[in-house]
Amino acid sequence: DEQPPTLIRSPAWARPVEGLFGLLGTVAGYREFDVSVPFLIALPIFTAILISDGGYGAVLLLGLPLGYRRAAAMLGKHFTQLLIIISIATLLWGGVCATFFGVTLYPPLIAIDLSESSRTFMMRLCFWMGAIHLSIAQLWPAVSLFPDLRFLNRVGWAVFIWGMLGVVQMFVLRTPMGWETPWPYLLLAGAALAIVFSQPSRNVGKMLLLGVANFPLAMLSAFSDVISYVRLMAVGLASGVLAASFNNMAGEFGSWPLAVLVLVFGHSLNLGLAMIAMFAHGVRLNMLEFCNNLGMQWTGYRYRPFSQRTNQEY
């Protein structure tokens, strides 16, 4: 029942994400997980989709190294390094989408526009990414629980999330969901494991009663968690539309100095909104959806040897 401080030594290549944890003031509990690696993998991907413009990634990738000392002094070394990684991911995703400052420069591999085919593809991509992200969050503690039978509860929820993917696609994308598809079988198998092994006990009746009682809210949570990843597509599309709108607005001015002013102001504003979206949506999907499925409570406090804790740290 003791709560010792948490000393985390993340892999050297994953330490940039420690800047985010320091900024948010979150520390994993001593018996929780070091989520630096999955955060460092997922956050740049999510942010790149939220920005969806290679030009903005190029601006960040050029500006951050040139102003590294000043940025590191203001934001911290690790967080600045995290932003550089995010800018690289954004530039690569912008290259795939062929979009730079709201202009499509060449035929894209993946189009980000208002067409129905583009929106459908991006929504499906986001839902699948969500299912992968959330199922990893369930399987990770399952490995640590094994051979305790509760690990089957976690496996069941991972399977159920993939079945819920079919439900979400049926409601949002109107895809079929019948017995000829795998989704109902994944739902049934996952629900059975989640209910039966929620709290393993020799009293079978009590075990099943507790499992059934806990299932409905968890089931609704699984549905909302999967569907929440659609925010990546929505914000990324809005960012692209806003960039194109500023370009059109600038083109309506006959004076080129005024047009340049509109472009600089508009794209700077859009980039600033995109960075806010990184916290509002990209960080949220990791801190809430992923960590809730993982079981993180962030109850820890940092290991600071030869120091005294004060009330301000609570």
Side-chain angles (χ1 to χ4, degrees), residues 38-62 82-136 161-162 164-166 168-176 183 225-248 266-267 270-286 289-290:
F39 268 53
L40 187 63
I41 294 173
L43 184 59
I45 296 174
F46 293 166
T47 306
I49 297 176
L50 289 167
I51 298 176
S52 290
D53 194 294
Y56 296 161
V59 169
L60 292 173
L61 187 57
L62 180 64
L82 177 63
L83 290 179
I84 293 175
I85 295 172
I86 288 173
S87 66
I88 294 173
T90 303
L91 179 59
L92 293 175
W93 177 251
V96 171
C97 302
T99 304
F100 294 84
F101 298 107
V103 179
T104 302
L105 299 182
Y106 49 84
L109 295 176
I110 299 176
I112 306 296
D113 52 44
L114 293 173
S115 66
E116 183 177 354
S117 60
S118 174
R119 288 185 287 111
T120 299
F121 174 81
M122 284 304 302
M123 282 192 284
R124 181 173 286 110
L125 176 63
C126 292
F127 291 145
W128 278 77
M129 289 173 58
I132 294 172
H133 201 215
L134 297 174
S135 58
I136 290 174
I161 285 170
W162 282 98
M164 193 57 72
L165 171 64
V168 169
Q169 291 185 121
M170 178 190 67
F171 280 111
V172 179
L173 303 177
R174 305 302 180 187
T175 58
W183 314 121
D225 286 347
V226 174
I227 204 170
S228 66
Y229 284 78
V230 77
R231 71 184 65 235
L232 298 175
M233 181 280 301
V235 176
L237 181 59
S239 177
V241 170
L242 191 58
S245 298
F246 281 119
N247 292 340
N248 295 333
H267 288 293
N270 199 20
L271 179 57
L273 293 174
M275 299 311 296
I276 294 174
M278 179 186 76
F279 286 95
H281 304 291
V283 173
R284 174 208 161 93
L285 290 174
N286 284 280
E289 277 76 2
F290 180 81

*State, yes or no, whether a side-chain contact exists between V172 and I227 at a heavy-atom distance under 4.5 Å.*
yes
Using atom types as modelled, flag every donor-acceptor pair under 3.5 Å from a side chain in residues 272-283 to any protein atom, sequence neighbours excluded.
unit_1 : atom_1 : unit_2 : atom_2 : d
H281   : ND1    : R231   : NH1    : 3.1

*Looking at residues at least two apart in the chain, or sitting in another chain, which of them share a side chain to side chain contact (heavy atoms under 4.5 Å, CB included) with A244?*
none
_For Y229, all residues meeting side chain to side chain donor-acceptor pair (under 3.5 Å), sequence neighbours excluded_ = H133
*Quick check: does any side chain N or O of T175 sit under 3.5 Å from a backbone N or O of Q169, one acting as donor and the other as acceptor?*
yes
_Atom of S87, atom of L60 and distance for their closest heavy-atom approach_ = CB-CB, 3.5 Å
*Heavy atoms, side chains only, cut-off 4.5 Å: are L232 and L125 in contact?*
no
*Compare all side-chain heavy atoms of F290 with those of L285 and state whether any distance is below 4.5 angstrom.*
no
*asked:* What's the separation between atom CD1 in I51 and atom CG in L271, rounded to the nearest 0.5 Å?
replied: 6.5 Å
*asked:* Counting C-beta onward and ignoring hydrogens, is there a side-chain heavy-atom pair between T120 and R124 closer than 4.5 Å?
replied: yes
*Of all heavy-atom pairs between M233 and C126, which one has the smallest distance, and what is that distance?*
N-SG, 3.6 Å
*Can you name the residues that form a side chain to side chain contact (heavy atoms under 4.5 Å, CB included) with S115, not counting sequence neighbours?*
D113, S117, S118
*So which heavy atom on A42 is nearest to which on N286, and how close?*
CB-OD1, 3.5 Å
Table please: side-chain donor-acceptor pairs of residues 91-103 below 3.5 Å, with sequence neighbours left out.
unit_1 : atom_1 : unit_2 : atom_2 : d
W93    : NE1    : S52    : OG     : 3.4
T99    : OG1    : C97    : O      : 3.2

_Given 3.5 Å as the limit, does a donor-acceptor pair link the side chain of S239 with the main chain of G236, or not?_
no
_For P44 versus I85, what's the shortest heavy-atom pair and its separation?_
CG-CG2, 3.9 Å
_Quick check for you: to the nearest 0.5 Å, what is the distance between I88 atom CD1 and L61 atom CG?_
5.5 Å
*Should I161 and D225 be marked as a side chain to side chain contact (heavy atoms under 4.5 Å, CB included) after you check the CA-CA gap, both sets of side-chain angles, and the distance that decides it?*
CA-CA 9 Å; I161 285 170; D225 286 347; over 6 Å; no
_I49 vs M129 side-chain heavy atoms within contact, under 4.5 Å_ = yes
*Can you find a pair of side-chain heavy atoms, one from I110 and one from M122, that are under 4.5 Å apart?*
yes
*Can you measure from CD1 (I112) to CG (L237) and round to the nearest 0.5 angstrom?*
7.5 Å
*asked:* Do L82 and L40 make a side-chain contact, defined as non-hydrogen atoms from C-beta onward lying under 4.5 Å apart?
replied: yes
*Heavy-atom closest pair, residues R119 and L114*: NE-O, 3.1 Å
*I41/F46 under side chain to side chain contact (heavy atoms under 4.5 Å, CB included): CA gap, chis, key distance, verdict*: CA-CA 9 Å; I41 294 173; F46 293 166; over 6 Å; no
*Residues in side chain to side chain contact (heavy atoms under 4.5 Å, CB included) contact with S245, at least two apart in sequence or another chain*: V241
*Can you name the residues that form a ring pair (Phe, Tyr, Trp, His ring centres under 6.0 Å) with W183, not counting sequence neighbours?*
none
